[in-house]
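From a predicted model like this one, the values you see are computed outputs, not experimental measurements. Numbered from 1 within each chain, the chains take letters A, B, ... in sequence-line order.
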2 protein chains.
Amino acid sequence: MADEKPEPGRRLPRAQRREQILAAATEAFARSGFAATGLDEIATEAGITRVILYRHFDSKTNLYQAILDRMCARLDAHLEEPVGGFTDASTDGLLRAAVESPAGFRLLFQHAVREPEFKERIEKFRADITAAAYLQISAVVPDEALARWAAQLAPVVAIEAIIAWLDAGQPDPARAAARVRQAVTGVIGAAVSSDVDCTLLHSANVEGPPS
Amino acid sequence: MADEKPEPGRRLPRAQRREQILAAATEAFARSGFAATGLDEIATEAGITRVILYRHFDSKTNLYQAILDRMCARLDAHLEEPVGGFTDASTDGLLRAAVESPAGFRLLFQHAVREPEFKERIEKFRADITAAAYLQISAVVPDEALARWAAQLAPVVAIEAIIAWLDAGQPDPARAAARVRQAVTGVIGAAVSSDVDCTLLHSANVEGPPS
DNA sequence: CCGCTTGTTGACTTCAACGTATACATATGC
DNA sequence: GCATATGTATACGTTGAAGTCAACAAGCGG
């Protein structure tokens, strides 16, 4: 059980050290969230002292924000196109972001969303995707409350599907996106009616806005 | 914006006060989790002083455990039968528990599961349901990693579906259980293959172990 | 070799939250 | 009415984590 030691020899150039701290902190925060994670824990995980943390970040909050910003930027990069719909590209983008930084992905969607101080920053994504989902779903589901239910649920399922896929060891990466999308489709199907056949759903599937 | 005041007049019999504290604390903890929720916050929300909290619970941890135990007991009550499978009864039980105490439900499955100190107590449920799900799913999904993925995901989707349903105002309660089940079914379908038709899935649906 | 930067160590301050203690007020039951 | 249990108010003690400071060590570029 040797601690992770990214550097048996010590000195690193500033930028690189900063990246390393961000990575370590992301892992640490992803385990227990902001409040329950100590700076010493982070420092140890990064193989340095708490004092050094403060030569790179003004405060714990500051560090956390940096991590969140970074992850949001990653998402933005992968969803660069107008997030106009819950399209195939969205799923792909989410997946790529998750593969790039699994811990960051978990941190954002399992912890940060539930931390009142920080959730606002992420709310934007959720709101956009949910709104897009609502547009698509309300076309198929007449009942408004039901449509809102499905619209709330769809993005969550996409995200949880991705996280579970990460946990399972990223099996069959080529078809992962398709499976995630199908899981979402299945969920939407549940809102349409409990009696209707799943096959109806395929017509509700998404290709983005037509022309 | 008057604060919630469950008791403008004050004195309550001990047992009743205790219940009220538990309820208030559940709400408070459900918002931000254990570490980020202060006792003063809870006391205020319960309409009393922090001192009174200590006449009912030895410590913050103690209080939290009581809440968790209580919610676990509720779940046990509703899933009393052997949780032998991811059956219709399981979904119903979850739903009823969630309706009884939405905040408790959220607390358990959105916060407590990610708090290393406490997750063990809940892990039992998750493990049981996941194992049951795995049994059913592995019968339909040959690839082991894929089956594990779906088995992890299925309970999460059930829970998130229920939470989203609560958030949407519990629309169409009569069919809620059926919809949740169908959402789960849809997810499982995603693991079977991305090309196969959903209808196959119905054979994978569950009635409990065959005689 | 000199100076800057990166790093360590250890002691220190601050502060918020947990937890305790004491004195006082007032309902309720006997 | 009096004892008991519930409740308030306020102050205090304790602890752990955030954040700071100063002295020292050692790599690396000029």
Side-chain angles (χ1 to χ4, degrees), chain A residues 3-29 31-68 111 115-118, chain B residues 3-29 31-68 111 115-118:
Chain A
D3 297 356
E4 293 115 38
K5 300 195 163 137
E7 28 34 282
R10 344 201 270 235
R11 262 185 95 155
L12 282 191
R14 183 170 176 82
Q16 196 170 331
R17 178 63 79 189
R18 187 189 151 95
E19 283 306 304
Q20 191 218 341
I21 291 175
L22 283 172
T26 303
E27 296 285 337
F29 279 132
R31 284 198 298 271
S32 314
F34 180 73
T37 305
L39 288 181
D40 287 305
E41 194 181 336
I42 294 171
T44 302
E45 187 142 339
I48 57 174
T49 323
R50 203 170 71 255
V51 178
I52 284 296
L53 276 186
Y54 285 98
R55 296 213 226 196
H56 291 268
F57 302 93
D58 292 343
S59 68
K60 189 188 183 185
T61 300
N62 203 350
L63 168 60
Y64 200 66
Q65 305 267 36
I67 293 172
L68 261 39
H111 291 279
E115 289 158 354
E117 273 188 81
F118 305 104
Chain B
D3 296 355
E4 293 117 37
K5 301 196 163 140
E7 28 34 278
R10 343 202 271 231
R11 257 181 102 160
L12 283 190
R14 184 170 177 83
Q16 197 171 332
R17 178 64 80 189
R18 187 188 152 96
E19 283 307 303
Q20 191 218 339
I21 291 175
L22 283 172
T26 302
E27 295 285 337
F29 280 132
R31 283 197 299 270
S32 314
F34 180 73
T37 305
L39 288 181
D40 287 305
E41 194 181 336
I42 294 172
T44 302
E45 187 142 341
I48 56 173
T49 323
R50 204 170 72 260
V51 178
I52 286 294
L53 276 186
Y54 285 99
R55 295 210 211 172
H56 292 268
F57 302 93
D58 292 343
S59 68
K60 188 186 183 185
T61 300
N62 203 349
L63 169 60
Y64 200 65
Q65 304 267 37
I67 294 172
L68 263 39
H111 291 279
E115 288 159 354
E117 273 187 82
F118 305 104

Item to complete: Give a yes or no on whether a donor-acceptor pair under 3.5 Å exists between the nucleobase atoms of D:dA5, that is its base, and the side chain of B:Arg11.
Response: yes
Examine [N]: is either OP1 or OP2 under 4.0 Å from a nitrogen or oxygen in the side chain of [X]? Give yes or no.
X	N	answer
A:Arg17	C:dG7	yes
A:Arg55	C:dT5	no
A:Thr49	C:dT8	yes

Worksheet item: Short question: side chain of B:Glu115, backbone of B:Phe34 - any donor-acceptor pair under 3.5 Å?
Response: yes
Between [N] atom [atom2] and [X] atom [atom1], what is the distance in whole Å?
X	N	atom1	atom2	value
A:Asp40	C:dT8	CG	C1'	14 Å
B:Gln20	D:dT6	CD	P	14 Å
A:Tyr54	D:dG19	OH	P	4 Å
A:Arg50	D:dA22	CZ	P	17 Å
A:Leu39	D:dG16	CG	C1'	12 Å
A:Ile48	C:dT6	CD1	P	12 Å
A:Leu63	D:dA18	CG	C1'	13 Å
B:Leu12	C:dT26	CG	P	18 Å

Discussion item. Any non-hydrogen side-chain atom of B:Leu22 less than 4.5 Å from a side-chain atom of B:Phe57?
Written reply: yes
Worksheet item: Picking from C:dT6, D:dC21, D:dG19, which would you name as closest to the side chain of A:Val51?
Response: D:dC21
Worksheet entry | Listed nucleotide nearest any side-chain atom of B:His56, set C:dT8, C:dT6, D:dG7 |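 Closest of the options to the side chain of B:His56: D:dG7.
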Worksheet item: What does A:Ile52 touch in the nucleic acid at a heavy-atom separation under 4.0 angstrom: a base, only the sugar-phosphate, or nothing?
Response: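 Here A:Ile52 touches the bases of the nucleic acid.
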Worksheet item: With sugar-phosphate meaning primed atoms plus P, OP1 and OP2, does A:Thr37 contact a base, only sugar-phosphate, or nothing at under 4.0 Å between heavy atoms?
Response: sugar-phosphate
Worksheet item: With under 30° as parallel and over 60° as perpendicular, where do the rings of A:Tyr64 and A:Phe29 fit, or are they tilted in between?
Response: perpendicular
Worksheet entry | Side-chain ion pair, A:Glu45 and A:Arg31, N-O less than 4.0 Å |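 A salt bridge links A:Glu45 with A:Arg31.
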